[in-house]
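My structure is below; once you've seen it, I'll send some questions.
All values reported here derive from a predicted model rather than from experimental measurement. The analysis underlying the following values was restricted to heavy atoms, covering all of them including side chains, and did not include hydrogens, waters or symmetry mates.
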Amino acid sequence: MDIYLYNTLTRSKEKFEPLEEGKVRMYTCGPTVYDYFHIGNARSFVVADVIRRYLEYAGYDVTFVMNITDIDDKIINRAAEKGVEANDVAREFTEAFFQDIEALGVRPADVYPKATETIDDIVRHVEGLVKSGAAYVVEGDVYFSVEAFPEYGKLSGKNIEELVAGALVEKDERKRNPADFALWKAAKPGEPSWESPWGRGRPGWHIECSVMSQKYLGETFDIHAGGNDLIFPHHENEIAQSEALTGKQFVRYWLHFGFLRINEEKMSKSLGNFITAREALKKWPAYGIRFFFLQTHYRSPLNLLPEGIEGAVKGAAKFRAFRDELDTMDDGARSFDAEPYRERFARAMNDDFNTPAALGALFDLMHDVRAAALDGGIDRPSIDAVRDFFDRAVDGVFGILPPPQEALPGAGDALVGDLVQILIDVRNDLRKERNFALADRIRDALAAAGVTLKDGKDGTAWSYSPPESTTRG
RNA sequence: GGCGACGUACCCAAGUGGUUAAGGGAGCGCUCUGCAAAAGCGUUAUUCGGCGGUUCGAAUCCGCCCGUCGCCUCCA
């Protein structure tokens, strides 16, 4: 089955045909490491992660690159505030970035190029643009001349005249056109800087992504993804800088993600209405946050509602319960064909990564497997086939399968488990004696400690999760 | 002002011309239970922001109106 995806460049869904058969070269704009990233940024990282995982599920060999912008005005400003070196800020938040995406279950990219480690390549690229006349030097700054690139505006649907007429473009007498943008910035006193043909300075933001992506993926690559707000000017400028030098198409498919909103408003650092991914992960498990994101199509805006994430946590928990059932399911005589569900899943995902529809297929699979299991039982090969697909989809592609109970903190400890079991045994004796008051006291006390008891036909099972009472705020 | 997205049940959200409008959460009923919890099962929109139009047929196409949001400036 073919994959179709919505390409911002053509404003339409297109059949995905990678440059090289069976191989995908993909790039996503990574963080500027001046602070913790927020839950809205997390949505982009998770969505990109799921797209990458699905392409691999679909059989592609994916090379996935994400940059780290580790030199930038914001980093310099933050360092000045804290009274430390820009380096220190970058190092601290690069480390935090890796911790947080790991906690979110985002699989590592193949390469994480850093701007400060790509300076030579950036300088060469800018030099090339200056030589070709697409860029010009003014007092140690280098600007890209938008008029030198006739196709400027093709991604965002803007044109230079309108941008200039928009009057919001800051006037800078040194620029030939107000829409021109900096490729290289001359160093101000005290700022980190590198040698260049135009004196000491540092790269502009846009050029980093162009150079870092092309360095690892080639002059033309398949997919470049990022948030909607990067379409203009960031990605527009990337195209201009890249294609003006190579004369080749820079990126074949541009994917853009919808925003996470809070109170119907875009969540952003500048509006100050954000919560960091780090804070969110203290409140909710990663699988719940991921499930919450995937319940909405990646291009649509998504309103952050605590009850929404709580619902997502519960939804994801059903996957775990079902997965455990599969392991203990008695085999029966009937066969169950998982293929229609696999097809529905693939059809949904192939249609511009329609994760909500794909989730629907997975829930129907659970429902129908249970119904079949009740109605005579399913044979072993069918159970195995369901489990194989289920694991590859829920865990492999979406990354939303909650960990088994044993993996939860505290519950894996042998002594803790023994103590809980002793209490359960005592309580069950009390129940036999119909001393329910004391039995319930044990149950309530355990519940307060995070241990939930489930009385069933075959005895009492228990599970652990961090107590609700520790919620903060 | 220019460009663009969206408005589907109590909440979230698929579906973009044709059988009964997916799925999740919540509510309700049931099973299980000493009672719970958890889990499972069942159930909840003659209707898709409003008004017109095209069509044998529209949530789906067209027009207008109302409402929400985004980009045009750093931002995922």
Return the set of residues passing salt bridge (Lys or Arg N to Asp or Glu O under 4.0 Å) with A:D391 (not counting sequence neighbours), or none when no residue passes.
->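 Listed in chain order: A:R323.
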Does B:G40 have OP1 or OP2 sitting under 4.0 Å from an N or O in the side chain of A:K318?
->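 Answer yes for this pair, as a side-chain N or O of A:K318 is under 4.0 Å from OP1 or OP2.
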Ring pair (Phe, Tyr, Trp, His ring centres under 6.0 Å) with A:F390: which of A:F319, A:F363, A:F345?
->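 Single pass found, and it is A:F319.
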Examine the side chains of A:D455 and A:T460 and answer whether a donor and an acceptor come within less than 3.5 Å of each other.
->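 Short answer, yes.
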Pair A:N303-A:E264, side-chain donor/acceptor within less than 3.5 Å |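 Yes, side-chain donor-acceptor contact under 3.5 Å.
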Could you list all the side chain to side chain donor-acceptor pair (under 3.5 Å) pairs where at least one residue sits in residues 358-371 of chain A, not counting sequence neighbours?
->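 Checked against side chain to side chain donor-acceptor pair (under 3.5 Å) - neighbours excluded - the pairs reaching residues 358-371 of chain A are A:E325-A:R370, A:Y341-A:D368, A:R344-A:D364.
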Which stems does RNA chain B form, counting runs of 3 or more consecutive Watson-Crick or G-U wobble pairs with both distances under 3.5 Å?
->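 When the pairs of RNA chain B are grouped into runs of at least three, the stems are B:1-7 with B:66-72, B:10-12 with B:23-25, B:26-31 with B:39-44, B:49-53 with B:61-65.
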Enumerate the residue pairs fulfilling salt bridge (Lys or Arg N to Asp or Glu O under 4.0 Å) with a member in residues 442-451 of chain A, sequence neighbours excluded, ordered by first and then second residue.
->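 Checked against salt bridge (Lys or Arg N to Asp or Glu O under 4.0 Å) - neighbours excluded - the pairs reaching residues 442-451 of chain A are A:D440-A:R443.
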Listed by chain and number, what are the salt bridge (Lys or Arg N to Asp or Glu O under 4.0 Å) partners of A:K114, not counting sequence neighbours?
->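 Testing A:K114 for salt bridge (Lys or Arg N to Asp or Glu O under 4.0 Å), a comparison that skips the adjacent residues, returns none.
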Can you tell me how far CE of A:M66 sits from CG of A:D49, rounded to the nearest 0.5 angstrom?
->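 So the CG of A:D49 and the CE of A:M66 are separated by 8.5 Å.
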When you measure from the side chain of A:F363, which nucleotide among B:G23, B:A76, B:C35 comes out closest?
->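 So the nucleotide nearest the side chain must be B:G23.
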Report the distance from atom CG of A:D368 to atom C1' of B:C41, rounded to the nearest whole Å.
->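 To the nearest whole Å, that distance equals 13 Å.
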Select one nucleotide: of B:A76, B:U68, B:C72, the one nearest the side-chain heavy atoms of A:R261.
->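 Of all the options, the side chain of A:R261 is nearest to B:U68.
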Would you say A:F398 and A:R290 make side-chain contact, with heavy atoms under 4.5 Å?
->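 Of all side-chain heavy-atom pairs linking A:R290 with A:F398, none is under 4.5 Å.
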Close side-chain approach of A:E236 to A:I231, heavy-atom, < 4.5 Å |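 They are not in side-chain contact.
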Candidates B:A26, B:A39, B:C35 - which lies nearest the side chain of A:R370 |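 Within the option list, the nearest is B:A39.
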Would you say A:F257 stacks on B:A76, if stacking means ring centres under 5.5 Å apart and planes within less than 30 degrees?
->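 According to the criterion (under 5.5 Å, under 30°), no, A:F257 does not stack.
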Answer yes or no: does a side-chain N or O of A:K269 lie under 4.0 Å from OP1 or OP2 of B:A76?
->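 False: A:K269 side-chain N/O out of range (4.0 Å or more) of B:A76 OP1/OP2.
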Report the distance from atom CZ of A:F319 to atom C1' of B:G25, rounded to the nearest whole Å.
->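 Atom-to-atom, A:F319 to B:G25, this comes out as 13 Å.
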Partner set under ring pair (Phe, Tyr, Trp, His ring centres under 6.0 Å) for A:Y54, not counting sequence neighbours =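 By the ring pair (Phe, Tyr, Trp, His ring centres under 6.0 Å) rule, A:Y54 matches A:Y57.
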Would you kindly give the CH2-to-C1' distance between A:W254 and B:C71, to the nearest whole Å?
->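 After rounding, the reported distance stands at 16 Å.
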Atom pairs, protein N/O to nucleotides 15-21 of chain B N/O, distance under 3.5 Å:
unit_1, atom_1, unit_2, atom_2, d
B:G15, OP1, A:N354, ND2, 2.9

Could you check how far CZ of A:F181 sits from P of B:C72, rounded to whole Å?
->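 So the two atoms are 15 Å apart, to the nearest Å.
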Please state how far atom CZ in A:F97 lies from atom C1' in B:A76, giving the value in whole angstrom units.
->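 Value for this atom pair: 11 Å.
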Reading nucleotides 6-12 of chain B from 5' to 3' and marking B where a protein heavy atom lies under 4.0 Å of the base, S where only the sugar-phosphate is that close, and - otherwise, the string is ------S
Name the atoms and distances for all side-chain donor-acceptor pairs under 3.5 Å in residues 93-106 of chain A, with sequence neighbours left out.
unit_1, atom_1, unit_2, atom_2, d
A:T94, OG1, A:A90, O, 2.6
A:Q99, OE1, A:R278, NH2, 2.7
A:D100, OD1, A:R278, NE, 3.0
A:D100, OD1, A:R278, NH2, 3.2
A:D100, OD2, A:R278, NE, 3.2

A:P356 side chain, from C-beta outward: closest of B:A39, B:A22, B:G34 |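 Nearest to the side chain of A:P356 among the choices is B:A22.
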Set of salt bridge (Lys or Arg N to Asp or Glu O under 4.0 Å) partners for A:R52, sequence neighbours left out =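 So A:R52 forms a salt bridge (Lys or Arg N to Asp or Glu O under 4.0 Å) with A:E56, A:D110.
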Who pairs with A:K82 by salt bridge (Lys or Arg N to Asp or Glu O under 4.0 Å), at least two apart in sequence or on another chain?
->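 A:K82 satisfies salt bridge (Lys or Arg N to Asp or Glu O under 4.0 Å) with A:E92 once adjacent residues are dropped.
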Rounded to the Å, how far apart are A:H256 NE2 and B:C69 P?
->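 Distance check: A:H256 NE2 to B:C69 P gives 23 Å.
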Can you pull every protein N or O that's under 3.5 Å from an N or O on nucleotides 47-49 of chain B?
none

Take atom CG of A:N273 and atom C1' of B:A76, then tell me their distance rounded to the nearest Å.
->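 Checked: the CG to C1' distance equals 13 Å.
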Closest listed nucleotide, where the reference is the side chain of A:R431 and the choices are B:U33, B:C71, B:G4 |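 From the listed options, B:U33 comes nearest.
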